[in-house]
*Asks:* 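Just passing along the structure, written as structure tokens.
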Amino acid sequence: MTKNDKTNKKDRERARKNQTARKSAAKPEKDKAIQVINFSDVLFEHPRADVHVARILISNASWVNTTDGAVVIDTLLTPSLGRTMLEQIRETSGPVKYIIYTHGHLDHVGGAPAFLEDSPRIIAHRYVTDRFEKYRILSEHRARIAAMQFNFTFQVEKGMSFVNPTKTYDESMTFSLGGKTFELYHARAETDDHTWIFVPEIKTAFVGDLIIAGFPNIGNPFKPTRFALPWARALEAVRDKEPEMLIAHGGHAVYEGAEVKELLDVTIEAIHSVHDQVVDAINKDMPVDEMIHIVKLPEHLKDHRYLRFLYSRPEFAVYNIYRWYHGYFDHNPAHLLPRPEREVNEEIFNLIGDKKRILKRSKDLLEQGKAQLALQVLDIVLKHNPTDVEALKLHLKILEILCEEDYCLMSRNTWVHFMERDKELLRQSEG
Ligand SMILES: [Zn+2]
């Protein structure tokens, strides 16, 4: 067996394992979270000469061979995953001369410590270092939201640290290495520090998380605003380059030929459509909690294979775009300087004066198929007494129903997180 055959066999084994893991992620069991991080294997793809991709479930990294060494684009989540990637680069490409961060999210920069022995130059947009600082000052909060979003307790791996770029840029920059040109462009999109790269000699675009498998992550209930309109414009600039191949650094990695344009066309149209509907609704003074039920993808896009709601969903995008353009005040004077919600709730609870009536109404709504409304009505009891056993049992049941048909990672995992919390509170109350 040649070294290459061995590598291919290893790749095939990894691919098989990955496919099994992906299947279980795509069809989670009834009450299970969609796990994307607790997965340490790396799948390698070599989609065209000089282009390599390393994939884990949550993100992808890639590298380009030049005659003078490798240019690495993103580094995966952890130093050990980065190490696995580096071993493959050693076999295929020689020393690492440059690393480009597409953005500062941990699943793109966390592997960087593994590459330092080659002393690569590390290039990123200048806002990446601000992002690292933000992660440091908000570490407790970020651990909490990671537990909800990914149902995951993140264990900091030995040697894990943010490796700052050695060179930053603002609007764009270009460098050449070993016969290839790397054009870097800044984009405000999923983050304010995004870089996408075009290599004209191989007509390939590397777009970071501008493209993930499915509806783009324009909105995340846990995170600051994403940039909808600049995102669409960045993808238009990618399309203007007429790439023959597009490498995405989230979800499905490799797009080729005609599918590149189709992918860009539908994603751009979807973002513009959702954005314009929100702008229109803001101009009509529509409250955001009505907006999220009205804004929809156009009919011809709603079941498109490139726009499935696997990670994010239009409702999250609506909140996000609204927050970008609109202050917190919803033009109801009761909400300008409100009393705490629990205080108002106590007034309502006492006026109703009968917990049983609230529970019954919540159950009736659930039976009518109005699980979300049932959840909000039930909240009147739980805000009054967060450990009411009867209310907790109903709460758990409603969350299970909301979870059952929900395959969007961020909402499903949130339901599961709070189902687990209900179960724990019930154990404590009943034990
Ligand atoms: Zn990202």
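Hydrogens, waters and symmetry mates are skipped; everything else that's a heavy atom, side chains included, is used. Note that the structure is predicted; figures quoted are calculated from it, not measured. In this chain, numbering begins with 1 at the start of the sequence shown. One-based numbering, in listed order, for ligands and for the atoms of each.
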*Asks:* So does His103 have any N/O/S atom less than 2.8 Å away from the Zn ion (ligand 1)?
*Replies:* yes

*Asks:* Answer yes or no as to whether an N/O/S atom of Asp107 is found below 2.8 Å from the Zn ion (ligand 1).
*Replies:* no

*Asks:* Output the atom name for the N/O/S atom of Asp209 with the smallest distance to the Zn ion (ligand 1).
*Replies:* OD2

*Asks:* May I ask you to decide if Asp406's main-chain N or O and Arg412's side chain share a donor-acceptor pair within less than 3.5 Å?
*Replies:* yes

*Asks:* Kindly say whether Tyr306 contributes a backbone atom to a donor-acceptor pair with the side chain of His304 at under 3.5 angstrom?
*Replies:* yes

*Asks:* So which of the N, O or S atoms of Glu190 lies nearest the Zn ion (ligand 1)?
*Replies:* OE1

*Asks:* Counting backbone and side chain alike, does His105 bring an N/O/S atom below 2.8 Å of the Zn ion (ligand 1)?
*Replies:* yes

*Asks:* Are a donor atom and an acceptor atom from the side chains of Asp193 and His125 found within less than 3.5 Å of each other?
*Replies:* no

*Asks:* Please determine, by modelled atom types, if Glu183 and Ser172 share a side-chain donor-acceptor pair under 3.5 angstrom.
*Replies:* no

*Asks:* Give a yes or no on this: more than 12 heavy atoms of other residues, nucleotides or ligands lie within 6.0 Å of atom CD of Glu299.
*Replies:* no

